[in-house]
Structures are given as C-alpha cells and as structure tokens.
Amino acid sequence: MLRSVKGLKDILPQQAMQWQHLEAVARTMATHYGFSEIRIPIFEFTELYARSIGGTTDIVEKEMYTFPDRDGSSLTLRPEGTAGVARAVLEHKLLDSPTSRKLFYLGPMFRHERPQAGRYRQFHQFGVEALGTDDPLIDVEVITLLWEFFLALGLKDLTLHINSIGTPVDRENYILKLKEFLTPLLPNLCGNCQRRYLANPLRVLDCKVPICQESTVGAPHLIDDLSETSTIHFHAVLNGLSALEIPYTINHRLVRGLDYYSRTTFEITSPHLGAQSTIGAGGRYDGLFQALQGPATPAIGFAVGLERVTLLLSEDRTSKPAPLFFVAGFGPRGKPRAFRLLHELRQAKIRADTDHKGTSLKALLRSADKLGAEYSIILGDDESDSHTALLRNMHTKAQEIVKLEEITQRIHTGL
RNA sequence: GUGGGUGUAGCUCAGUUGGUUAGAGCGCUGGUUUGUGGAGCCGGAGGUCGCGGGUUCGAAACCCGUCACUCACCCCA
C-alpha cells in the first residue's frame with residue numbers, strides 16, 4: 001500500500017476541527033495586537049536561507065529540502081518563516097508602509113529531521129515579525145502576544161524563559177571569556193561540546209549532558225558582558241514584562257540556534273510534552289536585513305510549533321460546527337420533495353444533510369443518529385401531499401408538524 | 001546521522017512451554033414484520049500474523065536480515 005512520506009502527517013477530519021480553532025485564535029490574537037497577515041511562497045531560492053539562517057547551522061547544513069529547478073537554479077522548501085518574510089518585505093518595500101511593519105504568517109515548514117514526538121518533517125508554524133524598531137516595548141508586545149496566545153488556548157504550566165545574547169560585538173568579548181573558563185574543563189566535557197568549543201562555544205551552555213551542565217554552572221554569564229545599551233535594553237524588556245505581570249525566568253543558558261538572532265531571546269516551554277518541550281520561541285534579529293543586503297532594520301519575532309500545541313490542546317476547546325438537520329425523505333413523492341427541501345435549507349445557510357442510501361424511515365433515522373444530527377426533518381408521501389414535514393428533535397424525540405414554506409423561518413427563529 | 005522499543009482485523013489488544021480451521025472488545029454491516037434512531041438480541045463481512053530468509057514433522061511465537069512506526073540523542077518550533 002502507498003504510504004505518506006516519512007515524518008509527514010495527515011490531518012484527519014476530527015483533528016481538522018482543532019486546527020481550525022488554533023488558526024482562528026492565532027489570526028484573531030495577532031490581528032488584535034496590530035499584526036497583518038502575510039502569505040509567502042512555500043519555497044525560495046536556496047541562497048535566501050543560506051544567507052539568513054547561517055551557513056553552519058544544522059538546518060542549512062543537513063535539514064533542508066533542496067532541489068534543482070528545471071533551469072538549474074537551486075530551490076529550497078522553507079524551513080522557517082522569517083527569512084521569507086524578510087525577503088518579501090525588502091522586495092515590496094514594505095518598510096516604507098506604516099501598516100506593514102507588524103506581520104504574521106501561518107503555514108507549513110519543512111525540515112529533514114528524524115521524526116519524534118512533536119517533531120515532523122512537515123510541520124506548521126504561526127509566527128509574527130515586528131520590524132523597524134528596537135524599542136524594548138515592542139519586545140514586550142511580541143512576547144506578551146505569544147504568552148497570551150497560549151493562555152487563550154487554555155494551555156497550562158507554561159514557563160517563559162528569557163535571555164539576552166547581546167550584539168555580535170558583545171559576544172566576541174564574551175566568547176573569549178567563556179573559552180578561557182572552559183579550557184581547563186575541556187577534558188570533562190562530552191565529545192559534542194569539545195567540538196562546540198571550537199565551532200560555537202555558546203552552544204556548550206545549552207548542552208543537555210549532565211556532566212556538561214554541572215561543569216558550566218560557574219560559567220560567566222553573557223548578560224554580565226553586554227554593552228551598556230544592550231544591558232539597558234534587556235532590563236527595559238524585563239521591566240515591561242513585570243509591569244504587565246507576565247511571569248518570566250531569566251535563563252542564562254538560553255541560546256538561539258539560528259545565526260540571525262541578537263539581544264532579546266525567549267522561549268516558552270511546557271512540561272507535558274516529551275523532549276521537544278519548546279512550543280514557541282523567538283528573539284530579536286537586528287542584523288538580518290543587512291545580511292540580505294537591505295537597510296539596517298531592527299526586528300523581533302517569534303514562531304510557534306503548532307503540532308506541539310495541538311498535543312497540549314484539550315478537546316473541549318475545539319470549535320463546534322452548527323447544528324445538523326438531517327432530511328429524511330422517503331416514498332415516491334416524499335423523497336423528491338425532500339431533496340428540494342435539502343437544497344432550500346442549505347441556501348438558507350442551515351447545515352443540512354441526508355443519506356441517499358436510506359430507503360426506509362428506520363434506516364434514515366439511524367443514519368441521522370450516526371451523523372450526529374440534532375434534528376431530523378421527516379418528509380414522506382403523506383407530508384408531501386399536505387405540504388408539511390415533521391421536525392423531530394433527536395435528543396428529546398419531540399416532533400412537530402411544520403408547513404414546508406415556513407420551515408427555514410421556523411429554524412431561524414429558534415427551536 | 002546514532003541508540004532503544006514495538007509491528008496480529010478499520011481501532012485497542014489477547015494468543016499459554018512452538019501444535020492443527022488465529023481470537024475478543026469497539027467499530028462497520030444486515031435483520032429484529034413492513035412510517036420512527038440510540039439499547040438489547042440474532043447474523044455477516046473483514047487478517048499475505050510488516051516483509052524476506054532460516055531452524056523444525058510443524059512458526060504469529062525461536063534465529064538472522066530488512067522495512068515501517070515510535071521514543072530518545074542530536075537539533076529545534
């Protein structure tokens with residue numbers, strides 16, 4: 001039998017309801033915070049990602065779905081949303097438009113990783129980007145939106161981790177200090193960290209191997225080495241969060257993986273997921289636009305892994321469809337009349353269905369029950385002859401005779 | 001890319017120290033006397049026991065390989 005591709009998931013009708021709810025909450029919340037939706041392509045020139053995400057990151061080195069176009073140019077399925085948004089913003093000069101500086105997106109991303117709980121090769125993200133200002137209050141706005149989004153979905157036991165990784169210049173100083181600190185410990189660290197020591201020493205800090213965690217307890221903190229402006233910015237963000245009573249935890253080990261991040265970084269975790277506990281994360285990326293040869297543009301954003309969120313969503317939170325009216329038509333005159341009524345109900349924006357297979361009233365009512373209909377409209381030859389139908393409440397079994405021409409009216413005015 | 005776990009009906013799972021036609025519950029479907037659903041009762045369909053080798057008189061059970069799923073490492077949302 002043909003199967004779906006590894007790491008890809010079908011969203012079946014039952015779960016689709018949940019996704020609709022999730023997406024509706026995301027759109028509503030983002031819109032309320034002044035963000036406008038942007039829809040960008042699902043693939044781009046490979047160069048865009050190589051330049052923005054960072055050439056030495058795992059994503060670019062081994063996780064991208066890259067393929068040649070027919071003319072030979074290299075294309076890549078988007079592994080994340082920020083790069084594409086930045087490209088679109090530059091291409092369409094959206095920075096000049098005051099209404100287009102706060103953007104959000106929703107859609108699938110692709111990374112060739114080994115699938116695991118909460119990790120798929122095609123996954124969906126909800127993300128926002130606030131462009132053009134480095135006022136710490138915009139950081140607070142973005143983080144608050146992320147926090148409130150999860151609250152609106154009814155998620156519990158979340159932790160907001162926050163840190164500042166400074167500017168690239170701040171980091172240069174700090175990396176020297178960190179290396180100095182790590183050098184004597186090097187023999188104790190895991191093999192991975194010994195490599196990180198050379199390639200990207202910051203990553204040693206978020207290593208999960210217990211020995212490494214213990215060894216680096218006394219490591220110098222990056223925030224102690226930030227420039228004055230970075231420090232002021234960071235504290236302004238923290239004060240802003242406190243003023244809005246958003247609880248946070250400063251996490252000195254929080255290092256973002258993508259190269260474009262600078263200064264404020266944050267993530268929200270849930271203890272109810274497995275290893276992939278981060279449901280939303282983001283940060284400031286003041287250098288990205290210049291890396292894409294655009295004007296220097298401070299910016300901050302986040303991305304939410306929607307599959308991970310669905311794992312935390314309780315079922316009663318999903319939106320329910322309108323009540324269903326089942327049209328049970330039978331008999332040589334009743335059945336065609338009932339089919340016309342079905343059409344009329346739908347035109348009147350009433351959710352209605354029938355079962356063409358059912359021949360007897362018994363079979364039709366059974367279908368109505370299985371489809372979960374709230375009401376059945378019974379229309380046999382007798383009813384057809386008298387221009388009426390029986391409106392049956394499937395829960396209470398109460399039935400009433402209604403004139404056919406009044407039935408949509410009757411339903412609309414309440415039952 | 002590296003480890004561990006698991007593959008029996010649409011779903012959740014039994015299957016006894018290898019032994020003959022592989023089972024249950026749920027679901028699906030038909031009937032229960034002809035114009036009233038759910039429950040009950042009776043019946044039915046549905047399985048290459050993941051796949052390929054091997055051991056054996058005999059394998060769903062044991063061995064090897066392989067694939068898939070899954071969890072974890074890694075990485076990240």
Side-chain angles (χ1 to χ4, degrees), chain A residues 1 3-9 12 14 53 56-63 79-82 106-127 146 150 190-193 195-196 200 203 206-209 254-258 261 266-270 273-283 301-312 326 328-331 334-335 355 357-384 389-399:
Chain A
M1 204 209 307
R3 307 179 49 91
S4 70
V5 175
K6 188 190 194 78
L8 274 53
K9 289 273 172 290
L12 301 176
Q14 210 183 346
I53 299 172
T56 60
T57 59
D58 277 15
I59 293 179
V60 172
E61 280 184 335
K62 47 194 185 195
E63 294 176 1
E80 54 97 43
T82 301
L106 217 41
M109 307 294 165
F110 306 85
R111 292 182 200 171
H112 188 109
E113 295 184 276
R114 192 82 175 261
Q116 189 181 324
R119 193 170 77 185
Y120 311 98
R121 290 184 177 180
Q122 176 180 329
F123 60 104
H124 295 76
Q125 287 190 332
F126 158 49
L146 179 62
F150 291 137
C190 72
N192 242 316
C193 283
R195 259 178 281 124
R196 288 188 184 119
N200 192 348
R203 291 284 183 76
D206 66 348
C207 181
K208 278 141 198 150
V209 176
L254 181 61
V255 176
R256 302 273 76 227
L258 282 50
Y261 285 111
F266 55 93
E267 73 180 42
I268 292 182
T269 57
S270 163
L273 283 174
Q276 310 299 324
S277 59
T278 301
I279 55 176
F302 68 67
V304 174
L306 296 180
E307 277 78 2
R308 292 180 188 177
V309 175
T310 62
L311 295 174
L312 296 170
F326 184 91
F330 58 101
K335 196 170 165 108
D355 179 358
K357 201 176 65 177
T359 50
S360 66
L361 179 56
K362 182 193 276 285
L364 286 163
L365 285 174
R366 192 179 306 153
S367 294
D369 188 52
K370 293 201 170 153
L371 291 175
E374 269 82 355
Y375 292 88
S376 284
I377 297 170
I378 298 168
L379 209 174
D381 290 343
D382 296 350
E383 288 78 12
S384 178
L390 291 172
L391 185 57
R392 176 184 179 82
N393 181 317
M394 295 298 281
H395 304 298
T396 66
K397 297 185 171 188
Q399 291 190 171

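Every value quoted in this text rests on a predicted model; they were computed, and no experiment measured them. In what follows, every chain begins at residue 1, and chains take the letters A, B, ... in the order their sequences are listed.
Residues A/Arg121 and A/Val5 form no side-chain contact, since every pair of their non-hydrogen atoms from C-beta on lies 4.5 Å or further apart.
Computed from coordinates, the A/Gln276 CD to B/C76 P distance equals 11 Å when rounded to whole Å. What separates NZ of A/Lys6 from C1' of B/C69 is a distance of 8 Å, to the nearest Å. We find that CD of A/Gln122 is positioned 14 Å from C1' of B/A77, with the value rounded to whole Å. In this structure, A/Phe126 atom CZ and B/A77 atom C1' are separated by 13 Å, rounded to whole Å.
A/Glu307 comes within contact range of no nucleotide atom at all, as no heavy-atom separation falls under 4.0 Å. Residue A/Met394 is in base contact, counting any heavy-atom pair closer than 4.0 Å across all strands shown. Residue contacts shown for A/Gly118 include a base, since a base heavy atom lies under 4.0 Å away. Using a 4.0 Å heavy-atom distance criterion, A/Ala275 is classed as a sugar-phosphate-only contact. No contact: A/Lys62 has no heavy atom under 4.0 Å from any strand. Looking at heavy-atom distances under 4.0 Å, A/Leu306 makes no contact with the nucleic acid at all. Base engagement by A/Tyr120 is indicated by at least one non-hydrogen atom pair under 4.0 Å involving a base atom. Contacts of A/Arg119 with the nucleic acid, taken as non-hydrogen atoms under 4.0 Å apart, include base atoms. Residue A/Glu63 is classed as a sugar-phosphate contact, given heavy-atom separations below 4.0 Å to backbone atoms only.
Interface remark: the A/Gln116 side chain does form a donor-acceptor pair with the B/C74 base, using a distance-only criterion of under 3.5 Å. For A/Arg366 against B/U36, a side-chain-to-base donor-acceptor contact under 3.5 Å is absent. Put simply, the side chain of A/Arg111 and the base of B/C75 share no donor and acceptor less than 3.5 Å apart.
Minimum atom distance to the side chain of A/Arg114 is reached by B/G3, of the listed B/G3, B/G37, B/C75. The side chain of A/Glu113 has B/C75 as its nearest neighbour among B/C75, B/G37, B/G35. Distance from the side chain of A/Ala117 is smallest for B/C71 among the nucleotides B/U36, B/C71, B/A77. Distances were taken from every side-chain heavy atom of A/Leu361 (C-beta onward) to each of B/U36, B/C69, B/U70; the shortest belongs to B/U36.
For B/U66, the paired nucleotide is B/G50, the pair qualifying as Watson-Crick or G-U wobble because both relevant distances are below 3.5 Å. The partner of B/A24 is B/U12, by the rule that a Watson-Crick or G-U pair needs both atom distances under 3.5 Å. Applying the Watson-Crick and G-U wobble criteria (two distances, each under 3.5 Å), B/A77 pairs with nothing in any strand. Pairing for B/G35 is absent, with no Watson-Crick or G-U wobble pair whose two atom distances lie under 3.5 Å. Under the Watson-Crick or G-U wobble criterion, with both distances below 3.5 Å, B/A59 has no partner in any strand shown.
Of the two residues contacting RNA chain B, namely A/Gln125 and A/Lys9, the nearest-nucleotide position lying further toward the 5' end is that of A/Lys9. Position along RNA chain B of the nearest nucleotide to A/Gly280 versus A/Thr396 favours A/Thr396 as the more 5'-ward residue.
No donor-acceptor pair under 3.5 Å is formed between the side chain of A/Glu374 and the backbone N or O of A/Met394. Counting only distance, with no hydrogens or angles, the side chain of A/Arg308 and the backbone of A/Ile279 share no donor-acceptor pair below 3.5 Å. Side-chain atoms of A/Arg111 come within 3.5 Å of backbone N or O of A/Pro79 as a donor-acceptor pair.
Between the C1' atoms of B/C11 and B/U56, the separation comes to 35 Å (whole Å).
Pairing each heavy atom of A/Ile378 with each of A/Glu383, the nearest pair is O-CG, 3.9 Å.
Stacking between A/Phe123 and B/A77 is shown: the ring centroid lies under 5.5 Å from the centre of the six-membered base ring, and the planes differ by under 30°.
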